[in-house]
Structures are given as structure tokens and as C-alpha cells.
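First up is the structure itself, then whatever we jot down about it.
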There are 2 protein chains.
Amino acid sequence: MPADRYHHGALRRAVLDAAVEAISESGPSALSLRDLARRAGVSHAGPAHHFGSKEGVFTALAAEGFTMLAEELETVSSGSMAELGVAYVRFGLQHRAHFEVMFRPELYDAEDPSVAEPRERTWSSLSGSARVATTYADQVSSEVTELGAWALVHGFAMLAASGAIEADSPDEVAALVRGAASMMFREPNGAASPREH
Amino acid sequence: MPADRYHHGALRRAVLDAAVEAISESGPSALSLRDLARRAGVSHAGPAHHFGSKEGVFTALAAEGFTMLAEELETVSSGSMAELGVAYVRFGLQHRAHFEVMFRPELYDAEDPSVAEPRERTWSSLSGSARVATTYADQVSSEVTELGAWALVHGFAMLAASGAIEADSPDEVAALVRGAASMMFREPNGAASPREH
DNA sequence: AGCCAGTCTTGTCACTGTCAAGTTCTGGGA
DNA sequence: TCCCAGAACTTGACAGTGACAAGACTGGCT
């Protein structure tokens, strides 16, 4: 459908894509509805009309992000904590724009069902795997292992996304995560573990 | 020094305190220089004049935050990874405003020496402790243990600060961190640190 | 006394998010 | 076929923002 029509017809997608682009360029705090409007070829109030407000745009982005992440984690059915962690971090690097919004809850409406539902799904993937991974050995409470798993993985993702970890490629970060996860959960250190000396 | 003088005399501190207050109320992205000016009892361009720009205010806050954190960690000389983690997370909860700015590098000039120097100090506290804690047992590379330690601790701090972890008191979070750290680093799970080495 | 570098103020600019009111389009009932 | 209710966008306006230039005040030095 041509861009010069009065009814854009695909404003929602156009705005969200523009938002991802804009956030990738200069972060979520620099996002401007008027800029989105320009990128989508629409009048300055178009985006706000469709999403209600700026917060509405962020909420839609967060919902989309959590949904993608949940699906991503659910395909990693190996049950290995290390592989789940790798997937989590990989997602953070691959969809940086979404990821940055998702974990900045003051930007959007975190209670909105479209966000809360997939967020619960990602959480149960992680905590479920952590529970299984430590059934064998430990006397630590399950709360500790589950939250510990999430914290480890989330910390890696945050540090990698903020540039605090200097790694040339996502694969390098993945190797780090794999190593740390198997260290914490005493999983067999698997094929991908770092080369031994 | 009276507040109605032309030369305020303590504008820097007044603005930074106002910033901490404002951020505690509604997050860093809602911070407005003009609001800081009002809180500090100063004309609308006062803060920007002193700090150069809004980024300058954030840079000063980040510098102050990393300095406090570095000193905090350096007093935890027990060498126990668990206790370092507790201190890290406790700092994040106690100085939430500073903490939120510190790990949002797009807000400030992360290369500024006033930020970079204390940031290096906190990092070496953490990685040093991680290195010691795993001297005994592991065959994992030191990069993995050091970054793993940081990620675990940072992840807890982020999740706690963003409200993702429901804990009634900082002490509860501290207990979680202690548990997860000793799980990962195989430290004795007791309250105190390993005295031998 | 005279000056001057710093400290803060005033005035203005382009830009932002939101809202109310207007315009244009779409689909479906008669 | 006509028409019209309402959805999809636009237009216009408002208060608020960060940045900058230019001015006003201050206190210390000679």
C-alpha cells in the first residue's frame, strides 16, 4: 500500500520499526514521538494517536520483546542452564533495542497483560531449568538457585549490552556464559567449554 | 551562607542533592535541569552553567556513585566473594539514584577520568576476590570466574533495583546473594569468610 | 580606586508530548 | 447508488524542556 495514502494502513508496524531503529541509534531515552512520525512518514501526532501516548509505544515494544524472548527460550528445550543463558544473552545482543526497553520498567506499563504474560513465561523457563539443574547435588534453597540463575544470566546480558564486557563477537560472550553457568550449576562442562590448558 | 545571595556558593552540592532527590522520586529519565534549578533555588540556567550541560550533571553523579561504591567494596576486606556481593547489592539499594545513573552509560560521559578511575577500582575489587575464591578448585579460565562473579552480583543488584525480585528487606536480598555466591564459588556457606589462605 | 575573572541571571530559540478540533477515508446498511 | 457513522489521521496550539548568548552582579587583587 502506497505511502501517500491518508490511511497509512500499517502505522503500527511502521512506528514500531522506526522505534527500534531510533533506539538502536541513540538509546530509548532519546526517543521522540515526532521523530518516529517523520520516519514513518506521518504527521507529528500520528504515533501518539495510535498508541495513546509515548508510554504506549514503549509498552508495545516491551510486549513484543518479552514475547520473542519467551519463544526463544522455549525452543531451547535441552534443559541445560548454560544453553538457556546463552540464548538469553544472545537475545539481548541481537535485539538490543527491545532488550533495553524491557528492563527499564519506568518507561512502560509493566502491569499490562500483553507484557506480564510473556514475562512470566520467560521467568518460568529460567527457574524451571535452574530447579532441574540442581536437583542432584545441592542443599541450597530453590529460591536461591532460581534467582541466582536469573541474576547470573541477566547480569551477563546487561554488562554485555552496556559495553562493560569487551568481547568481539556474541560467540565470545556465549562462551563466557556457558562457562559461568556450568561453574555455578556443575553441569557437565559440555563441548563448548573454553579450551583447557 | 544565606540562600538569597547572588553567589549561591554551594550550587554544586545543592544541585547534586536535588538531583538525587528528583531521581529517587521519578527516575533519571524524568530529570529536568529546570526542576533542579527550582529545587536549588536558582535561576533556570544555573545548573547547566555549573555543569556545562545535563550530561555534566549525570557525569558528576556517576563519578560520585562509583567512588562511594569503590570505597564501600574496599572496606570489605574479608576477601569473601559472598560478602563483596552483599555489599554491592546493598549499595545499589541504598543509593538507588546514583546506582541507576551509573549503569546507564548513555546518560553521561563514561570516559571521563572522574568516572573511569573509581569504576576500575570497583572492578578490581570484584575480579580480585573472584580470582582468590577459585584458586583452589577450578579449571575454568580466570576470565570466566571474574566476569561470572561480576555478572552474578550485578544481575542481583539490577533485578532488585528494578523490583523484579520481591524481597521485603535488603537483608533478604543479601541472604540470596550470599547463597548464590557461595554456591558458585563453593565458599563455606556460613556467615563469615574463609580465614585460611 | 579600578579592574577582571568567575558566578549566576535573563531572554530567546528550536524542540518535545499531549490534547482538542478538524479533515479525510472506509465499510456497510438502505 | 447514496449516505453516513466512525475510524484513521492531520492541524493547530500550549506548556514545558535543554542549550546558548548576552547581560548583571560579586569579591578579590593590584
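Please read these numbers as outputs of a predicted model, since none were measured by experiment. Sequence lines set the chain letters: A, B, ... in the order given, protein chains first and strands last, and positions in each chain run from 1.
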What is the distance, rounded to the nearest whole Å, between atom [atom1] of [X] and atom [atom2] of [N]?
X: B:L31; N: D:dT17; atom1: CG; atom2: P; answer: 11 Å
X: B:L11; N: C:dC8; atom1: CG; atom2: P; answer: 5 Å
X: A:H44; N: C:dT23; atom1: NE2; atom2: C1'; answer: 14 Å
X: A:R12; N: D:dA7; atom1: CZ; atom2: C1'; answer: 17 Å
X: A:R38; N: C:dC15; atom1: CZ; atom2: C1'; answer: 9 Å

Quiz prompt | Residue A:H50, side-chain heavy atoms: nucleotide from D:dC9, D:dA13, C:dG11 that is nearest | solution =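 Of all the options, the side chain of A:H50 is nearest to D:dC9.
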Exercise. Can you figure out which of D:dT11, C:dT16, C:dT9 approaches the side chain of B:V42 most closely?
Key: C:dT9
Practice problem: Classify the nucleic acid contact of B:L36 as base, sugar-phosphate or nothing, counting any heavy atom under 4.0 Å across all strands shown. | Solution: nothing
Exercise. Pick base, sugar-phosphate or nothing for B:A48, based on heavy-atom distances below 4.0 Å to the nucleic acid.
Key: nothing
Quiz item: Quick one: the side chain of B:R34 and the base of D:dG16, do they pair up donor-acceptor inside 3.5 Å?
Solution: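 No, the side chain and the base share no sub-3.5 Å donor-acceptor pair.
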Practice problem: Verify the contact: side-chain N or O of A:S43 to OP1 or OP2 of D:dT11, cut-off strictly under 4.0 Å; return yes or no. | Solution: no
Quiz item: C:dG17 phosphate, OP1 or OP2: any side-chain N/O from A:S32 under 4.0 angstrom?
Solution: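 A:S32 to C:dG17 OP1/OP2: side-chain N or O found under 4.0 Å.
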Quiz item: Hey, which of these two, B:K54 or B:H49, hits DNA chain D nearer its 5' end, going by closest nucleotide?
Solution: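 Closest to the 5' end, via its nearest nucleotide, is B:K54.
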Exercise. Tell me yes or no: between the side chains of B:S169 and B:D171, is some donor less than 3.5 Å from an acceptor?
Key: no
Self-check item: Approximate separation, where rounding is to 0.5 Å, of B:L31 CG and B:L61 CG
Solution: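 Spacing of CG (B:L31) from CG (B:L61) equals 8.0 Å.
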Quiz prompt | Among A:W123, A:F103, A:F99, the one residue meeting ring pair (Phe, Tyr, Trp, His ring centres under 6.0 Å) with A:F66 | solution =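 Considering A:W123, A:F103, A:F99, a ring pair (Phe, Tyr, Trp, His ring centres under 6.0 Å) with A:F66 is found only for A:F103.
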Quiz item: Are the side chain of A:S129 and the backbone of A:S125 linked by a donor-acceptor contact shorter than 3.5 Å?
Solution: no
